[in-house]
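Numbering of residues begins at 1 and proceeds along the displayed sequence. The structure presented is a predicted model; accordingly, all values stated were derived computationally and were not measured.
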Amino acid sequence: MSVFSELLSGGAGARRRALGRVGREMRTEFANLGQQYRSDYGAIIDQFTRERTANIGLFREEMGRAQADYTRYFDEARTQYAAGMERAIGEMRTGRDATVQMMRQQTEAQQRAATARAAFTGLGQTTFGQQRIEGIGTQGALREAALREQYASQLSALEAQRASGMSTLSAQMGQGLGAMGQAQAGG
């Protein structure tokens, strides 16, 4: 007698036994299907897991290499920028020193010429003649001070530009590394 006919024709006890037998058969069939699924797809899942692990390792390695290259690029850029700014500042200081030296020589030449003229005209030993020579020296010192102030302002601007440039490069590097980290986490 089939389970279906037992369910329809039998009493309550027969129906319970028939349903119990159907439940056992279904569990057995389900367990058999699970075993078959594991045997059929287990190798595929194992291969997928191995390849996924290898791909994650390769991805991390490549991201690490990219981050190292990126960091190296910015380190080189900062080094080159700092060296260029140092050269510019050094050249400005050299120009300042040379210009100051030239101004001093011009002042001394003007004082010598004024002393010679004063001696020739007889004013060299007078207070007027001495004040004229001192005035040339004072004017030279004032020009030198104004020149030094101008160079100090320019040097200060270069120093500020160097600091700002280094800060900008560092910020860009940080943003880039942050973006790479987010890409790696997302990957």
- Item | Salt bridge Arg78-Asp75, side-chain N to carboxylate O under 4.0 Å | yes
- Verify same cluster id: Leu177, Leu169 (apolar side-chain graph, 4.5 Å): yes
- Which heavy-atom pair separates Met103 from Leu147 by the least distance, and what is that distance? SD-CD2, 3.4 Å
- Task: Mind checking the OG-CD spacing from Ser167 to Gln172? Nearest 0.5 Å is all I need.
- Result: 10.0 Å
- Count the heavy atoms of every other residue, nucleotide or ligand shown that sit under 6.0 Å from CZ of Arg132, and state whether that count exceeds 12. no
- Min side-chain heavy-atom separation Gln106-Met102 under 4.5 Å: yes
- Item | Donor-acceptor contact below 3.5 Å, side chain Thr53 vs main chain Thr49 | yes
- Side chain to side chain, Thr99 and Tyr151, heavy atoms closer than 4.5 Å: yes
- Got a second to check how far Met173's CE is from Tyr70's OH, nearest 0.5 Å? 8.0 Å
- Between atom CG of Leu58 and atom CZ of Arg65, what is the distance when rounded to the nearest 0.5 Å? 8.0 Å
- Message: If I take atom CD1 from residue Ile133 and atom CZ from residue Arg112, how far apart are they, to the nearest 0.5 angstrom?
- Response: 12.0 Å
- Query: Which distance, rounded to the nearest 0.5 Å, do you find between the CD1 of Ile136 and the OG1 of Thr115?
  - Reply: 7.5 Å
- Heavy-atom pair of closest approach, residues Met180 and Gln67: CE-N, 3.5 Å
- Message: Once rounded to the nearest 0.5 Å, what's the spacing between atom CD of Glu86 and atom CD of Glu91?
- Response: 11.0 Å
- For Glu159 and Arg93, what are the C-alpha separation, side-chain angles and deciding distance, and is it a salt bridge (charged side-chain N to carboxylate O under 4.0 Å, His left out)? CA-CA 12 Å; Glu159 289 286 352; Arg93 286 182 179 136; 3.7 Å; yes
- Evaluate the side chain to side chain donor-acceptor pair (under 3.5 Å) criterion for residues Gln47 and Glu51: first the C-alpha distance (whole Å), next the side-chain angles of each, then the deciding distance (0.1 Å), finally the verdict. CA-CA 6 Å; Gln47 181 181 352; Glu51 288 176 2; 2.9 Å; yes
- Residues Glu108 and Arg104 bridged, charged N to O under 4.0 Å: no
